[in-house]
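Input: a single structure, listed below in structure tokens.
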Amino acid sequence: MLTAYDYPTARACEAHGVDITLVGDSLAQVCLGYKETTRLTLDEMLHHVRAVARGSHTPFLIADMPYGTYQASAEDAVRNAIRLVKEGGAEAVKLEGGLELVDTVRRLTAAGVPAMAHVGLTPQRHVMLSGYKAQGRDAESALRTLRTALALEEAGAVAVLLEAVPHTLGAYISARLRRAPTIGIGAGAGTDGQVLVWDDMMGTWNGHQARFVRRFADVGAEVERGVKAYMEAVRDRSFPALSESYRMPKDEWERFEQLAAETHVEGVPSPTAAKS
């Protein structure tokens, strides 16, 4: 699974065999410049889900439910999830939280909206968690994470995303779940699948980099090289070259110069007058 936020990244996921595309609320930071994911609105998410849906057809398309779109009530969650499916083109939605989401996941399932549960580190609650810290690192919190995953699977979650938990716990929960596959991000190699944020994976994000991030490309360096080379070529007038420009037959240009010299617009001096 890989995140995508627009048509070009969606086309890349489509073309290169990505199994699941996630329009993550991380777009708040990497695309829209917000400091936290909690600033993202449903309308902003819909805009990006539509773009990804137009470019990504084979991968299963999941959309994050923005903060505030599912916490107030199960009714709110169902209403907003249906908008993401019907208006955005998502095939499933993802929700962050714990046991309080059991009824919501059950209601979404009953409404025909596949739901992915997100447990462990839940970035939408980073303030309550005192920051972006790994979860489940003692026996009691690990047991809470396990119970949450099991309960959400029982409620109908089609998959469970495990974020920032010990690799042993990631593998254990993956083995204990009977039906729902697990997707890990900072949960070790024992989960059923993995996910990374596009900009982290491609090396275009210059903000905080979590321990679990691996850069598989250095696109940021190529972007820098390209922009600097372009600006240099513009300033020294080596771009555009004649091969990158359109031509006019010599006789047509001479005819144009003659016609232009005979053309007079009120208030605009003629070429001869302008030079004299």
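Note that the coordinates shown come from a computational prediction; the quantities given were computed from them, not determined experimentally.
Checking side-chain atoms of Gln29 against main-chain N and O of Lys35 turns up a donor-acceptor pair under 3.5 Å. Between the Glu252 side chain and the Pro249 main chain, no donor and acceptor come within less than 3.5 Å of each other. Side-chain atoms of Glu257 do not come within 3.5 Å of backbone N or O of Glu254 as any donor-acceptor pair. Here the side chain of Arg179 pairs a donor or acceptor atom with the backbone of Glu153 at under 3.5 angstrom. The backbone N or O of Val52 sits nowhere less than 3.5 Å from a side-chain atom of Ser56 that would complete a donor-acceptor pair. Under the 3.5 Å distance criterion, the side-chain polar atoms of Glu244 are left unmatched by any main-chain donor or acceptor of Phe239. Side-chain atoms of Gln135 do not come within 3.5 Å of backbone N or O of Leu121 as any donor-acceptor pair.
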Quick one, Ser174 with Asp192, criterion side chain to side chain donor-acceptor pair (under 3.5 Å). Give me CA distance, side-chain angles, the key distance, then yes/no.
CA-CA 7 Å; Ser174 300; Asp192 297 307; 4.6 Å; no
Start with the C-alpha distance between Leu177 and Val160, add both sets of side-chain angles, then the distance that settles side chain to side chain contact (heavy atoms under 4.5 Å, CB included), and finish with yes or no.
CA-CA 9 Å; Leu177 294 177; Val160 177; 4.0 Å; yes
Chi angles and distances behind the side chain to side chain contact (heavy atoms under 4.5 Å, CB included) call for Tyr5, Val30:
CA-CA 9 Å; Tyr5 308 111; Val30 301; 3.6 Å; yes
Check the pair Thr191 / Thr182 against side chain to side chain donor-acceptor pair (under 3.5 Å), numbers first and verdict last.
CA-CA 5 Å; Thr191 55; Thr182 57; 4.8 Å; no
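Across all non-hydrogen atoms, the minimal contact from Gly89 to Val49 is N-CG1, 4.4 Å. Minimum interatomic distance between Val165 and Gly170 (heavy atoms only, all atoms of both residues): CG2-N, 4.1 Å. Summarising the geometry of Phe212 relative to Gly186, their closest heavy-atom pair is CB-CA, 3.4 Å, with the distance given to 0.1 Å. Nearest approach of Glu224 to Lys228, heavy atoms of both residues: OE2-NZ, 2.8 Å. Between Ala111 and Val78, the closest heavy-atom pair is CB-CG1, 3.9 Å. In this structure, Ala155 and Val102 approach most closely via the heavy-atom pair CB-O, 3.5 Å.
Distance check, rounded to the nearest 0.5 Å: CG of Leu2 to CD1 of Ile20 gives 11.0 Å. To the nearest 0.5 Å, atom CE of residue Met1 and atom CD1 of residue Ile183 are 5.0 Å apart. Distance check, rounded to the nearest 0.5 Å: CG of Leu161 to CD of Gln194 gives 9.5 Å. For the atom pair NE2 (His16) and CZ (Arg11), the distance works out to 9.5 Å, reported to the nearest 0.5 Å. Rounding to the nearest 0.5 angstrom, the gap separating the CD1 atom in Ile185 from the OG1 atom in Thr3 is 8.5 Å. Note that the CE atom of Met65 and the NE2 atom of His118 stand 15.0 Å from one another [nearest 0.5 Å].
Heavy-atom neighbours of Arg235 CZ from other residues, nucleotides or ligands within 6.0 Å: at or below the threshold of 12. Shown here is Glu232, whose CD atom has no more than 12 heavy atoms of other residues, nucleotides or ligands within 6.0 Å. Shown here is His47, whose NE2 atom has no more than 12 heavy atoms of other residues, nucleotides or ligands within 6.0 Å. The environment of OH in Tyr230 is sparse: at most 12 heavy-atom neighbours from other residues, nucleotides or ligands sit within 6.0 Å.
Here Arg147 does not pair with Glu154 in a salt bridge; the nearest charged N to carboxylate O distance is not below 4.0 Å. Here Asp76 does not pair with Arg107 in a salt bridge; the nearest charged N to carboxylate O distance is not below 4.0 Å.
Side-chain contact check for Glu222 versus Arg225: some heavy-atom pair is nearer than 4.5 Å. By the 4.5 Å heavy-atom criterion applied to side chains, Leu108 and Leu95 are counted as neighbours. In this structure, the side chains of Thr21 and Ile62 stay at 4.5 Å or more apart for every pair of heavy atoms. Between Thr69 and Arg83 the shortest side-chain heavy-atom distance does not fall below 4.5 Å. Residues Leu27 and Leu32 are in side-chain contact: their nearest non-hydrogen atoms beyond the backbone lie under 4.5 Å apart. At a threshold of 4.5 Å between non-hydrogen side-chain atoms, the residues Arg137 and Leu169 do not count as touching. Under the 4.5 Å side-chain criterion, counting only non-hydrogen atoms from C-beta, Tyr67 is not in contact with Thr37. Residues Tyr70 and Glu96 have side chains in contact (heavy-atom distance under 4.5 Å, counting atoms from C-beta outward).
Cluster membership check: Val219 shares its hydrophobic cluster with Val227, using side-chain heavy-atom separations under 4.5 Å among Ile, Leu, Val, Met, Phe, Trp and Tyr. Cluster membership check: Trp198 does not share its hydrophobic cluster with Tyr7, using side-chain heavy-atom separations under 4.5 Å among Ile, Leu, Val, Met, Phe, Trp and Tyr. No chain of hydrophobic side-chain contacts below 4.5 Å, direct or via other Ile, Leu, Val, Met, Phe, Trp or Tyr residues, connects Val23 to Val158.
Under the side chain to side chain donor-acceptor pair (under 3.5 Å) rule, Gln124 has a single partner from Thr38, Asp64, Asp25, which is Asp25.
In the model, Asp236 has a side-chain atom that pairs as donor or acceptor with a side-chain atom of Ser238 under 3.5 Å.
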